[in-house]
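Excluded from the calculations below are hydrogen atoms, water molecules and symmetry mates; all remaining heavy atoms, backbone and side chain alike, are included. Proteins come first, then strands; the chains are lettered A, B, ... in the order of their sequence lines, and each starts at number 1.
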2 protein chains.
Amino acid sequence: MMKMHIPHDTPSHDARQDARPFSQILDRLRGAGLRPTRQRMALAKLLFEGGDRHLTAEMLHADAQSANVRVSLATVYNTLHQFHRAGLLREIVVDSQRTYFDTNMSDHHHFYFDQSGELADIPGDQVEVAALPAAPDGMEVSRVDVVVRVRPQGA
Amino acid sequence: MMKMHIPHDTPSHDARQDARPFSQILDRLRGAGLRPTRQRMALAKLLFEGGDRHLTAEMLHADAQSANVRVSLATVYNTLHQFHRAGLLREIVVDSQRTYFDTNMSDHHHFYFDQSGELADIPGDQVEVAALPAAPDGMEVSRVDVVVRVRPQGA
DNA sequence: TGTCAAGTTTAGAATTACTATAATCTGATG
DNA sequence: CATCAGATTATAGTAATTCTAAACTTGACA
Ligand SMILES: [Mn+2]
Ligand SMILES: [Mn+2]
Ligand SMILES: [Zn+2]
Ligand SMILES: [Zn+2]
């Protein structure tokens, strides 16, 4: 678990002015103690360079294929779980057949559109859980999830 | 969906004083528009005569076997979904590998013990969701679920 | 009380969403 | 550049659930 910040890359190899997603992603993986393999780099880019996303392993795998990144589905699953353990992703339970991962790590809740299977964020400050009973004896709360299930009006 | 209350049974066949679970269950099924088959009667008894329960299809199937009720697993699944559609059961999503059904239809929320997979009720009046954003355009809220995930202290 | 269509049950096959295995590959370190 | 722990992958395996289609009940009615 010990990590050291080893200077990587020669700093002058490219002087472009635009964002340096490559090294941001690199640092992110290194910071999480994960080797920056080709597959993890590519998946991390897909995950973290497009704003907040809610996706399943299959969705990310399809994304990768569209982007001409060849990664096996097993690696997608492995990677999602590793990122989750490393604190880079949240796991969301809203459907008992499918696991969603969330790139938005801030404190927030969700709308869930049952018929389409989509998720939308509700910022943490828009939901107030004003009262909660104490956790049962010997237990501690690991997280409180609020899921607002919605459906098209009338139905 | 039309139902008529046809008087059933001769009223005098048995004058016992104790509860009449048989006819309570019968009425419950009839009221839901479901034919009171042997299997549905037996499963309804197991579900509704033991206080509030949170269970999966496999759990109910095991229960049935213990009670010497022979029902196929397929029928257990069918019945749970029919009871749910009929408004006799709630479906709870807390684990993405398993579906739980809840015989407690009152407004309430849940503690979820991740390591044991158990659920405990939190009475509706012990949780206060004080603020919620409006449902997205064209959508209406079908339900708000609060799940308090707990784990043994320190871990 | 017998008939029959509609509804129900069931064994077993199929599907879906993963997880495990074990052979192969790769990239960090010396 | 050699080494090898760690990573990837094809493929097999598993768990939960759904589907299929044949066999059985149920209940309305003759
Ligand atoms: Mn998972
Ligand atoms: Mn499953
Ligand atoms: Zn989110
Ligand atoms: Zn409950």
Side-chain angles (χ1 to χ4, degrees), chain A residues 1-9 22 25-27 29-44 46 54-62 64-65 69-86 89 91-101 117, chain B residues 1-9 25-26 29-30 32-44 54-62 64-65 69-86 89 91-101 117:
Chain A
M1 288 293 152
M2 175 180 298
K3 62 203 145 175
M4 14 197 158
H5 281 272
I6 299 154
H8 48 273
D9 271 8
F22 183 73
I25 293 289
L26 232 192
D27 291 346
L29 292 183
R30 287 239 170 78
L34 295 170
R35 277 205 208 169
T37 64
R38 180 177 60 76
Q39 291 85 340
R40 292 210 272 236
M41 291 289 286
L43 293 176
L46 290 171
H54 300 104
L55 36 67
T56 64
E58 299 275 357
M59 286 162 71
L60 179 56
H61 188 235
Q65 311 222 205
V69 174
R70 271 199 317 299
V71 201
S72 71
L73 184 56
T75 295
V76 173
Y77 275 104
N78 290 340
T79 301
L80 286 170
H81 287 126
Q82 288 155 356
F83 285 9
H84 176 236
R85 266 178 270 125
L89 289 176
E91 210 178 308
I92 305 184
V93 180
V94 279
D95 179 302
S96 46
Q97 310 313 298
R98 213 190 301 280
T99 300
Y100 286 84
F101 292 87
Chain B
M1 289 293 151
M2 176 179 299
K3 60 206 146 170
M4 6 189 168
H5 281 273
I6 300 152
H8 49 276
D9 270 10
I25 293 289
L26 233 192
L29 292 183
R30 288 239 169 79
L34 295 169
R35 280 201 202 173
T37 64
R38 181 178 60 75
Q39 291 86 340
R40 293 211 270 236
M41 291 289 285
L43 294 175
H54 301 105
L55 35 67
T56 64
E58 298 274 357
M59 287 162 71
L60 179 57
H61 187 235
Q65 312 223 203
V69 174
R70 271 199 316 300
V71 201
S72 71
L73 185 56
T75 296
V76 172
Y77 274 104
N78 290 340
T79 302
L80 285 171
H81 287 128
Q82 288 155 355
F83 285 10
H84 176 236
R85 264 178 270 124
L89 289 176
E91 207 177 312
I92 306 184
V93 179
V94 278
D95 179 303
S96 45
Q97 308 315 293
R98 213 191 294 286
T99 300
Y100 286 85
F101 292 87

Check: Atom CG of B:Leu80 and atom C1' of D:dT18: how far apart are they, to the nearest Å?
Finding: 14 Å
Check: Reckon B:Thr37 has a side-chain N or O less than 4.0 Å from the OP1 or OP2 of C:dT9?
Finding: yes
Notebook entry, point to check: Does A:Ser96 put a side-chain nitrogen or oxygen below 4.0 Å from OP1 or OP2 of D:dA16?
Noted result: no
Next item on the list: Please give the angle, rounded to 10 degrees, between the axes at the start and the end of the helix from C:dT1-D:dA30 to C:dG30-D:dC1, where five pairs define each axis.
Entry: 20°
Notebook entry, point to check: Do any N or O atoms from the side chain of B:Thr75 and from the backbone of B:Val71 form a donor-acceptor pair under 3.5 angstrom?
Noted result: no
Check: OP1 or OP2 of D:dT18 less than 4.0 angstrom from a side-chain nitrogen or oxygen of B:His81, does that happen here?
Finding: yes
Item checked: Nearest-angstrom distance from the residue atom CZ of A:Arg30 to P of D:dA7 -> 13 Å
Margin query: Mind checking if A:His61 touches a base, just sugar-phosphate, or nothing, with heavy atoms under 4.0 Å?
Written below: nothing
Next item on the list: Could you state the atom-to-atom distance from CG of B:Leu29 to P of C:dG7 in whole Å?
Entry: 17 Å
Item checked: Per B:Arg98 side chain, nearest of listed nucleotides D:dA16, D:dT9, D:dC19 -> D:dA16
Check: The side chain of B:Tyr77 lies closest to which of these nucleotides: C:dC18, C:dT10, D:dA16?
Finding: D:dA16
Next item on the list: Nearest whole angstrom, please: distance from the C1' of D:dC19 to the CG of B:Leu73.
Entry: 13 Å
Notebook entry, point to check: So what does B:Thr56 hit on the nucleic acid, given a heavy-atom distance under 4.0 Å: a base, only sugar-phosphate, or nothing?
Noted result: nothing
Notebook entry, point to check: For the side chain of A:Val71, counting heavy atoms from C-beta on, which of D:dT9, C:dT10, D:dA7 is nearest?
Noted result: D:dT9
Next item on the list: Say whether, by atom type as modelled, one donor and one acceptor occur between the side chain of A:Arg30 and the main chain of A:Arg35 under 3.5 angstrom.
Entry: no
Next item on the list: Please report the closest heavy-atom contact between A:Ala57 and A:Val76, naming both atoms and the distance.
Entry: O-CG1, 3.5 Å
Note to self: Under the rule for ring-ring contact (aromatic ring centres under 6.0 Å, His included), what residues qualify as partners of B:Tyr77, not counting sequence neighbours?
What the structure shows: none
Check: More 5' along DNA chain D: B:Pro36 or A:Arg70, using each one's nearest nucleotide?
Finding: A:Arg70
Note to self: Using whole Å, what does the distance between atom P of nucleotide C:dA17 and atom CD of A:Gln97 come to?
What the structure shows: 8 Å
Next item on the list: To the nearest Å, give me how far apart CZ (B:Arg35) and P (C:dA6) are.
Entry: 11 Å
Checklist line | Any A:Gln82 side-chain nitrogen or oxygen under 4.0 Å from OP1 or OP2 of D:dA7 | finding: no
Notebook entry, point to check: Does a side-chain heavy-atom distance below 4.5 Å link A:Leu26 with A:Met41?
Noted result: yes
Next item on the list: Please report, rounded to the nearest Å, how far the P atom of D:dA16 is from the CG atom of B:Asp95.
Entry: 9 Å
Checklist line | Distance, rounded to the nearest Å, where A:Leu55 contributes CG and C:dA17 contributes C1' | finding: 16 Å
Notebook entry, point to check: Which nucleotide in the list D:dA7, D:dC19, C:dT8 gets nearest to the side chain of A:Arg40?
Noted result: D:dA7
Next item on the list: Look at all strands and tell whether A:Thr75 reaches a base, only sugar-phosphate, or nothing, counting heavy atoms closer than 4.0 Å.
Entry: base
Checklist line | Taking every non-hydrogen atom, the tightest pair across A:Met59 and A:His54 | finding: CE-O, 3.6 Å
Note to self: Donor-acceptor pair, distance only, cut-off 3.5 Å: does the side chain of B:Arg98 make one with the backbone of B:Thr56?
What the structure shows: no
Notebook entry, point to check: Are a donor atom and an acceptor atom from the side chains of A:Gln65 and A:Arg70 found within less than 3.5 Å of each other?
Noted result: no
Next item on the list: On DNA chain D, check which nucleotide each of B:Arg38 and B:Tyr100 is closest to and give me the residue with the more 5' one.
Entry: B:Tyr100
